[in-house]
There are 2 protein chains.
Amino acid sequence: MSAQFDTTADTVFSEEEVLRRIEQAVLDHRLAPGTKLKEVQLAELFGVKRGLIRKVLTRLAHSSLVLQTPNRGATVARPSVKEGQDLFATRRVIESAILETLIAKINDLDLEQLGKMLQREQQAYLSGDSAQALSLSVDFHRELARMAGNGVLETYLNDIIRRTPLVILAHLGDEAENRCRNHEHEAIVDAIRRRDVKAAITVMNHHLLQIESKIQHKSERSHTDLASLLRPESILHSE
Amino acid sequence: MSAQFDTTADTVFSEEEVLRRIEQAVLDHRLAPGTKLKEVQLAELFGVKRGLIRKVLTRLAHSSLVLQTPNRGATVARPSVKEGQDLFATRRVIESAILETLIAKINDLDLEQLGKMLQREQQAYLSGDSAQALSLSVDFHRELARMAGNGVLETYLNDIIRRTPLVILAHLGDEAENRCRNHEHEAIVDAIRRRDVKAAITVMNHHLLQIESKIQHKSERSHTDLASLLRPESILHSE
DNA sequence: GATAATAAAATTGTTAACAATCCATATCCA
DNA sequence: TGGATATGGATTGTTAACAATTTTATTATC
């Protein structure tokens, strides 16, 4: 398992660092849904006490990336198709509200900032650095939320963003190219620039529905595979 | 402080029970915003170990009812006016989405259930049991969320509902009658019955804006009181 | 008397040892 | 053999003692 985290035995990590690394391992699919997360194992791996791992696992459980069961420890969450659908449906609602709030108050400085972010995204994409491009495309959504200035909406969007990769990976595997399309981000900024709430929301929803539809499609296919329905523990998922 | 919780020394409490009681004390205004929550004190009070109190405080912090500061313990949260506004604005968004989702799928059985809830609310109100009436009026909102069937939306609404009393109390004190008006709940159910999404949302927003406007009004008054602006620790708030 | 430095007390944070629970394997009995 | 029942090891959960930090009280100095 140590291969999953890229640690050396004698380094020590802070709580935040441990959290970040486990989260990243989950989201990068290096830890499959259902994988058992043993406390001592992780503690030794990161060179920290078990108590710290305990805290981290509880925090991860709270953001729905990990499932904690009393007396039976923690496993990587295994979100259902339904949960994925609910998550995306809610995301459309939240992102729409963010756009509406943002457009009511945006200034030229903010618009300039968004323009810069689009450029950086484009640059990363063109230079073939797809990991960086993905990261920047997520940042774009986060930045809209920040600029909108509603802390509660921002928290909820961040929660959803944190959970999204696991939902996608759990149901699409590595098949899908799930990166946001850059030209759609541009279209959103265009609409914001024109203060056109309706257009912005339309583009955003289209944008989000693209990914969503892939999951939907995949889950329909899965349902025709009767064997996998009867045997919930797929061999793909280490237990 | 023991008077705040209504405990006797020799009873023991489960984690859930301790959580519920502290939460209730905060929401009932028996513990003012800013009040220090000392671990040993609470542990002795409930007859539990300090570790359990620790867990509970962390959970309360996560739902924004308690503020935890490293090495300095926990205090009852002191939500800002801004946070209250953001919370209400988000609530309108979430409740609207719930109504839209619900109307698309509601059946006669659900409608019957809602009708029964309205009756019970009305009954409690008429019989003068205002605590019960308040509780049932909150249940009404929760029930709409449950029936809508989107788990993520439901979670977010419950989060907001949990935080709302503290926001109201922190800025309105005990001045306000904040109970939902029963006839507005009836109007919402009417609109749902007619599958009229727009009307339902309009009534709901009106409903929520009523409470919100009271906070707004109060906070404007506060701002004219310069002394309280300069001295953030009001004498009303125990520290 | 106000301010700064110091010491003591109170409070939070951590940990290692212990307890309780779960899980896989072995054992027993029909 | 099949299936229930013990058994031991692994794992999670709890706690009491200790450590670190903050807060309060005391003293010293101007």
Side-chain angles (χ1 to χ4, degrees), chain A residues 1-2 4-5 9-19 22 25-26 31-62 65-78 231-233 235 237-239, chain B residues 1-2 4-5 9-19 22 25-26 31-32 34-62 65-78 232-233 235 237-239:
Chain A
M1 184 183 223
S2 86
Q4 315 285 11
F5 292 106
D10 46 331
T11 15
V12 288
F13 295 94
S14 70
E15 176 170 339
E16 295 310 314
E17 188 67 13
V18 171
L19 180 82
I22 297 180
V26 169
L31 290 173
T35 305
K36 187 85 202 290
L37 298 170
K38 297 181 193 175
E39 297 177 357
V40 282
Q41 193 179 14
L42 290 169
E44 284 169 8
L45 193 57
F46 288 107
V48 299
K49 301 297 176 202
R50 193 158 66 94
L52 191 142
I53 296 293
R54 218 144 217 286
K55 261 196 274 184
V56 166
L57 289 176
T58 301
R59 287 176 65 183
L60 287 168
H62 202 278
L65 295 181
V66 152
L67 178 71
Q68 273 182 320
T69 315
N71 290 319
R72 308 183 58 170
T75 58
V76 176
R78 193 198 283 279
R231 180 172 36 82
E233 319 293 88
I235 52 164
H237 300 134
S238 49
E239 183 73 21
Chain B
M1 185 182 221
S2 87
Q4 315 286 12
F5 292 107
D10 47 331
T11 14
V12 287
F13 295 95
S14 71
E15 176 170 339
E16 295 310 314
E17 188 67 13
V18 171
L19 181 82
I22 298 180
V26 169
L31 290 174
T35 305
K36 187 86 202 289
L37 298 170
K38 297 181 191 173
E39 297 177 357
V40 283
Q41 193 180 13
L42 289 169
E44 284 170 6
L45 193 56
F46 288 106
V48 299
K49 301 298 176 200
R50 195 157 64 94
L52 191 143
I53 296 293
R54 220 145 216 287
K55 259 196 275 183
V56 166
L57 290 175
T58 302
R59 286 176 64 183
L60 287 168
H62 200 278
L65 295 181
V66 153
L67 177 71
Q68 275 181 318
T69 315
N71 289 321
R72 309 185 56 174
T75 59
V76 176
R78 193 198 284 280
E233 317 294 271
I235 54 164
H237 299 135
S238 51
E239 182 74 21

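Letters go in sequence order (proteins before strands), and every chain restarts at 1. What's counted below: heavy atoms across the whole structure, side chains too, no hydrogens, waters or symmetry copies.
Side chains of A/Phe46 and A/Leu52 form no contact here, defined as non-hydrogen atoms less than 4.5 Å apart. Between A/Ile22 and A/Val66 there is no side-chain heavy-atom pair separated by less than 4.5 Å. Side chains of B/Arg72 and B/Lys36 form no contact here, defined as non-hydrogen atoms less than 4.5 Å apart.
On the nucleic acid side, DNA chain C has its first and last nucleotide under 4.0 Å of a heavy atom of chain B at C/dT11 to C/dT14, going 5' to 3'.
The residue B/Gly51 sits apart from the nucleic acid: no heavy atom pair falls under 4.0 Å.
A side-chain contact (heavy atoms from CB on, under 4.5 Å) with B/Thr75 holds for exactly one of B/Thr35, B/Leu67, B/Thr69; it is B/Leu67. Shown are B/Lys49, B/Lys55, B/Arg54; of these, the salt bridge (charged side-chain N to carboxylate O under 4.0 Å, His left out) with B/Glu15 is made only by B/Lys55.
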CA sep, side-chain torsions, deciding dist, call: B/Val48, B/Val56, side chain to side chain contact (heavy atoms under 4.5 Å, CB included) | CA-CA 11 Å; B/Val48 299; B/Val56 166; over 6 Å; no

Which is it for A/Val26 and A/Leu60 under the side chain to side chain contact (heavy atoms under 4.5 Å, CB included) test, yes or no, and what are the steps along the way?
-> CA-CA 10 Å; A/Val26 169; A/Leu60 287 168; over 6 Å; no

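In this entry the distance linking NZ of A/Lys38 with P of D/dT12 reads 8 Å, nearest Å.
If you find the closest nucleotide of DNA chain C to A/Asn71 and to B/Asn71, the one lying nearer the 5' end belongs to B/Asn71.
Residues from residues 53-61 of chain A with heavy atoms under 4.0 angstrom of DNA chain D, sorted by number: A/Arg54.
For A/Glu16 and A/Arg59, the salt-bridge test passes: some basic side-chain N is under 4.0 Å from an acidic carboxylate O.
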